[in-house]
Amino acid sequence: MTGRDEGSAPRKSRGVGKGTRGVAIMGRGSRDAVWVRWVALLPVFVIGVSIPGGLFLANSGTVVGDVVATWMLLGVFGLVIFVPVTTLSLLGAAALNSHNFRVGRWLASVGAVSGTLFYAYLAFVVIAEAVVPEMRDPNSWGPQFTPVTALLVVVPFIAGAAANVYVVGRLWRQARPSTAGADGRVRPHR
């Protein structure tokens, strides 16, 4: 791009985009940052939907009320893990946008892998409790699930884990040999 300084000759601006490699990496990083942001904020969206729904449906005695109340309960207590993981992923997305791709990729990857592990843990706990019931505390906060109801509860956790795995794969994919330009340089694919 060119700019003018008070009537002087055009000057070239410094910035990313010099050559095709800078443009390709800039475009890839910004798309990856959007994916990282959306996936990192999934727990916030699940909690944001489940809290109002849980307040209305928690004591209704229906399967839907039990499922939404469990999402709310696990989401609120899971904030202890989700907040640092989300923060780490958002820092990675910010680094991806600031054209520091390597640091951003590592931060976002650590956040996504941590999120995947926590989602898998939550899904395991819910399914294990439904499949192998133990002596239940009569004052327990959570409802008792059948295996089918437990599968409904773990749907957002499985979706969150799958989205995090996709983000990690997206961040670490390598350029394909078929994307080499006429000059022989390999460019990242889209």
Side-chain angles (χ1 to χ4, degrees), residues 1 3 12-51 70-128 151 153-190:
M1 295 189 72
K12 290 192 175 189
S13 63
R14 293 175 46 206
V16 176
K18 284 185 166 183
T20 56
R21 186 167 189 261
V23 172
I25 290 175
M26 183 183 81
R28 178 179 173 205
S30 63
R31 282 192 310 271
D32 289 342
V34 169
W35 272 100
V36 169
R37 256 188 245 110
W38 277 104
V39 171
L41 292 173
L42 279 177
V44 176
F45 296 140
V46 170
I47 293 170
V49 168
S50 66
I51 287 178
T70 303
W71 287 343
M72 180 180 64
L73 187 67
L74 291 176
V76 168
F77 286 120
L79 283 175
V80 174
I81 302 294
F82 281 131
V83 167
V85 167
T86 299
T87 303
L88 192 61
S89 293
L90 292 176
L91 287 172
L96 287 171
N97 277 342
S98 69
H99 309 297
N100 195 349
F101 188 74
R102 287 184 177 165
V103 171
R105 178 170 60 180
W106 276 102
L107 288 173
S109 295
V110 169
V113 168
S114 301
T116 301
L117 292 174
F118 190 61
Y119 279 128
Y121 171 74
L122 290 176
F124 174 77
V125 167
V126 170
I127 290 174
L151 289 176
V153 171
V154 299
V155 165
F157 305 138
I158 292 171
N164 277 310
V165 167
Y166 175 75
V167 163
V168 171
R170 183 178 174 89
L171 289 171
W172 288 95
R173 69 177 177 215
Q174 298 295 318
R176 296 183 204 151
S178 63
T179 59
D183 58 356
R185 292 189 306 177
V186 177
R187 292 173 181 77
H189 59 74
R190 296 185 193 260

Point to revise | L151/V126 under side chain to side chain contact (heavy atoms under 4.5 Å, CB included): CA gap, chis, key distance, verdict | key: CA-CA 8 Å; L151 289 176; V126 170; over 6 Å; no
Exercise for review: Check A161 against T116 and note the closest heavy-atom contact, atom names and distance.
Suggested key: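 For A161 and T116, the tightest heavy-atom pair comes out as O-OG1, 3.8 Å.
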Point to revise | For the student: nearest non-hydrogen atoms of L122 and F157, plus distance | key: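 Nearest heavy atoms, L122 then F157: CD1-CE2, 3.9 Å.
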Practice item. Applying side-chain hydrogen bond (donor to acceptor under 3.5 Å, both in side chains), name anything that partners S109, two or more places apart in sequence or on another chain. Key: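 With sequence neighbours excluded, S109 shows a side-chain hydrogen bond (donor to acceptor under 3.5 Å, both in side chains) to W172, given in chain and number order.
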Review point. side-chain hydrogen bond (donor to acceptor under 3.5 Å, both in side chains) with Y166: which residues, sequence neighbours excluded?
Key: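 For Y166 the side-chain hydrogen bond (donor to acceptor under 3.5 Å, both in side chains) partners, ignoring immediate neighbours, are R170.
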Check your understanding: Under the side chain to side chain contact (heavy atoms under 4.5 Å, CB included) test, which residues partner V113, sequence neighbours left out?
Key ->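 Per chain and number, V113 pairs via side chain to side chain contact (heavy atoms under 4.5 Å, CB included) with L117, V168.
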Review point. For residues 74-83, which residue pairs qualify under side chain to side chain donor-acceptor pair (under 3.5 Å), counting only residues two or more places apart or in two chains?
Key: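 Sorted pair list comes back empty.
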What donor-acceptor contacts under 3.5 angstrom involve side-chain atoms of residues 70-96, with partners at least two apart or in another chain?
{"residue": "T70", "atom": "OG1", "partner": "D66", "partner atom": "O", "Å": "2.8"}
{"residue": "W71", "atom": "NE1", "partner": "V153", "partner atom": "O", "Å": "2.8"}
{"residue": "T86", "atom": "OG1", "partner": "A40", "partner atom": "O", "Å": "3.1"}
{"residue": "T86", "atom": "OG1", "partner": "F82", "partner atom": "O", "Å": "2.7"}
{"residue": "T87", "atom": "OG1", "partner": "V83", "partner atom": "O", "Å": "2.7"}
{"residue": "S89", "atom": "OG", "partner": "V85", "partner atom": "O", "Å": "3.3"}

Exercise for review: For F45, check ring pair (Phe, Tyr, Trp, His ring centres under 6.0 Å) against everything at least two apart and list the hits.
Suggested key: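 In terms of ring pair (Phe, Tyr, Trp, His ring centres under 6.0 Å), with neighbours along the sequence ignored, F45 is linked to W38.
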Practice item. Would you mind reporting whether N164 and Y119 have side-chain heavy atoms less than 4.5 Å apart? Key: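 The answer is yes; the side chains approach within 4.5 Å.
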